[in-house]
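Each remark here refers to the structure printed beneath this line.
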Amino acid sequence: MTNDIRVRFAPSPTGYLHLGSLRTALFNYLFAKHNNGKFILRIEDTDQSRKVEGAVENLINILNDMGLKYDEGPIAGGEYGPYFQSERLDIYKKYCDELLANGYAYYAFETAQELDEMRKIQQMQGKQTMYNRRARNLTENEINEKIASGVPYVIRLKVPLNEEIKFNDLIRGNVKIETNMIDDQVLLKSDGFPTYHLANVIDDHLMKITHIIRGEEWLTSVPKHIILYNAFGWQVPDMAHVPLILNPDKSKLSKRQGDVATEDYLKKGYLKEALVNFMALLGWNPGEGEKREIFSLKELVNLFTIEKVNSAGAVFNTEKLNWMNAEYIKQMDTAKLAEIVIPYMNTAGIDTSDKDKYNRVIFAIKNYINTLQEAPEHSEIYYSNVNLSEEQKDILKSETSKQVLNLLNIKTAALFEITADNFKPVLNEIQKETGIKGKNLFMPIRLALTSKEHGPELGTIAYVLGKEEVLNRLNILN
RNA sequence: GGCGCAUUGGUGUAAUUGGUUAACACGCCGCCCUCUCAAGGCGGAAAGUACGGGUUCGAUCCCCGUAUGCGCUACCA
């Protein structure tokens with residue numbers, strides 16, 4: 001690549017990784033890796049009131065967990081650190097002073113209450129709510145006096161009036177906004193911390209970010225950023241605003257309508273590979289006749305281009321996720337599956353210490369589960385005692401049932417052991433010898449072995465239970 | 001309210017630089033397999049591309065308007 005591609009994922013540490021953020025991170029990662037570029041993690045922790053303990057560690061862990069390893073960032077380090085915005089305060093201050101000196105920014109002294117009132121009045125008048133830019137008219141003396149007497153202040157962006165800002169979004173094409181509609185955004189808060197707008201422009205430039213890929217919610221603030229880039233005389237990076245992820249009712253994906261944290265889905269037993277695969281296809285696809293749906297991270301890296309990202313929001317469809325997760329589970333090595341399912345089994349009170357049996361259980365349930373969390377319920381028949389209802393007992397009391405079960409008992413006892421495929425022939429023998437077939441043959445056995453009308457084929461059930469347990473369950477009936 | 005963005009079956013998407021019987025996947029329905037439930041195999045219903053105007057010999061694709069949805073409208077990101 002001629003010039004090095006550098007992108008960043010810049011979350012604020014909220015304590016968990018929102019699915020929308022996951023996808024933004026994923027797209028950044030895919031774009032970087034596809035272009036042999038660098039993927040940078042930067043922590044946007046400029047809001048002191050929203051600090052969450054341990055959030056950053058968690059974020060880093062989950063990102064790594066998902067396979068989205070960053071090249072530069074907290075802990076990993078890099079040439080352009082620090083990667084915490086809270087540790088870059090002096091940098092922001094310096095550039096802010098530069099803006100002030102060159103007339104691109106100005107001091108303002110309104111209190112939060114005053115601004116609230118201003119907005120309320122504007123609202124009542126049906127006007128657009130924005131700062132009325134009145135501090136632009138303060139004289140130098142007034143400003144100096146206020147600062148000297150310790151009045152708290154912020155620094156605002158002096159938005160050029162009566163202009164039109166145009167930019168080209170890699171996903172949406174041309175976008176234009178009148179500067180008169182743009183607020184004189186606060187750049188530096190009264191606590192000395194920068195706002196997102198200031199910090200992100202400075203950091204992206206200093207960190208040599210070439211492409212900004214972020215959520216659609218930022219689209220309307222791009223002009224503010226462009227004004228800043230221009231004020232500094234910096235080149236504006238390319239931008240791509242990815243569509244939002246939506247609830248089934250098309251509102252923005254929110255907690256109220258289900259889980260939104262990546263961690264929640266991992267906990268529920270969705271595989272990270274499946275989750276990544278699924279999220280990638282939300283708002284993006286390789287196009288051009290590509291018929292596959294299942295892609296590894298590596299394949300995604302190969303195929304990903306920003307131009308193929310959609311511009312409309314995408315509904316998060318849990319049913320498709322379930323299907324995809326089931327696909328990954330089916331393809332997974334059984335031993336590996338057995339291992340990662342253990343915690344789910346143990347929480348559900350299933351003892352997995354008999355490894356031989358446990359592995360047979362996993363083999364049997366592999367095609368039945370969409371998520372790891374569903375494993376215990378499908379394993380129950382192999383571990384819990386048979387518990388028949390009165391109705392089921394009646395079925396077993398019938399003449400044919402007795403005949404079948406007695407014969408099965410004898411024939412099973414005669415087997416050295418039950419294997420994956422020697423039980424079915426036994427059933428065939430019984431059918432031949434007794435003339436009983438179909439439901440009358442199989443259902444009594446199914447009930448005797450599991451006390452359930454539904455389940456895997458009997459050969460599998462018997463194999464999982466093993467000879468001893470099959471005989472146990474048959475004998476309990478007597 | 002203002003500004004911005006979006007709009008292909010229920011959902012996710014596809015459709016060479018405007019010309020296709022509008023394709024694929026999930027879901028749904030049916031059939032096969034089968035003792036049952038899944039899985040798997042086969043097939044089906046489901047959009048004429050939000051609506052209305054243009055441009056064009058011809059628009060899912062280009063332009064305008066309307067509607068709807070979403071986003072932004074903080075000393076939050």
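Just so it is clear, the structure is predicted and the values come from calculations on it, not from any experiment. As a basis for the values below, the full set of heavy atoms in this structure was taken, side chains included, without hydrogen atoms, waters or symmetry mates. So that the names make sense, note that chain A is the first sequence line, chain B the second, and so on, each numbered from 1.
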Under 3.5 Å between N/O atoms: give me all the protein pairs with nucleotides 4-8 of chain B, atom names plus distance.
residue: B:rC5; atom: O2'; partner: A:R172; partner atom: NH1; Å: 2.5

### Task
Give the dot-bracket string for RNA chain B, reading 5' to 3', where a pair is Watson-Crick or G-U wobble with both distances under 3.5 Å, ( ) marks pairs inside the strand, [ ] marks pairs crossing earlier ones, | marks a partner on another strand, and . marks unpaired.
(((((((..((((.....[...)))).(((((.......))))).....(((((..]....))))))))))))....
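- Stacking annotation: A:W323 is not stacked on the base of B:rC26 (requires ring centroids less than 5.5 angstrom apart and an interplanar angle below 30 degrees).
- Counting non-hydrogen atoms under 4.0 angstrom, A:R119 reaches the backbone sugars and phosphates but no base.
- Side-chain nitrogen and oxygen atoms of A:T46 include at least one within less than 4.0 Å of the OP1 or OP2 phosphate oxygen of B:rA77.
- The residue A:M181 sits close only to the backbone: its heavy atoms come under 4.0 Å of sugar-phosphate atoms, none of a base.
- For A:K330 and B:rG40, the shortest distance from a side-chain N or O to OP1 or OP2 is below 4.0 Å.
- No engagement by A:P223 is indicated, since no non-hydrogen atom pair under 4.0 Å with the nucleic acid exists.
- Residues A:T334 and A:K366 meet the side-chain proximity criterion, which asks for heavy atoms closer than 4.5 Å.
- No contact: A:K224 has no heavy atom under 4.0 Å from any strand.
- An anti base is found at B:rG40: its glycosidic angle is more than 90° from 0.
- Backbone-only contact: A:E44 has heavy atoms under 4.0 Å from sugar-phosphate atoms and none from a base.
- Phosphate proximity of B:rC75 to A:R156: present, with a side-chain N or O under 4.0 Å from OP1 or OP2.
- The CG-C1' distance, from A:L198 to B:rA77, rounds to 14 Å in whole Å.
- The nearest whole Å value for the distance from the CG atom in A:N428 to the C1' atom in B:rU34 is 13 Å.
- Here B:rA74 presents its P atom at 14 Å from CD1 of A:I182, a figure rounded to the nearest Å.
- Not one side-chain nitrogen or oxygen of A:K320 sits closer than 4.0 Å to the OP1 or OP2 atom of B:rG10.
- In this structure, A:Q122 atom CD and B:rG2 atom C1' are separated by 11 Å, rounded to whole Å.
- Distance A:F304 CZ to B:rU13 P: 13 Å, rounded to the nearest Å.
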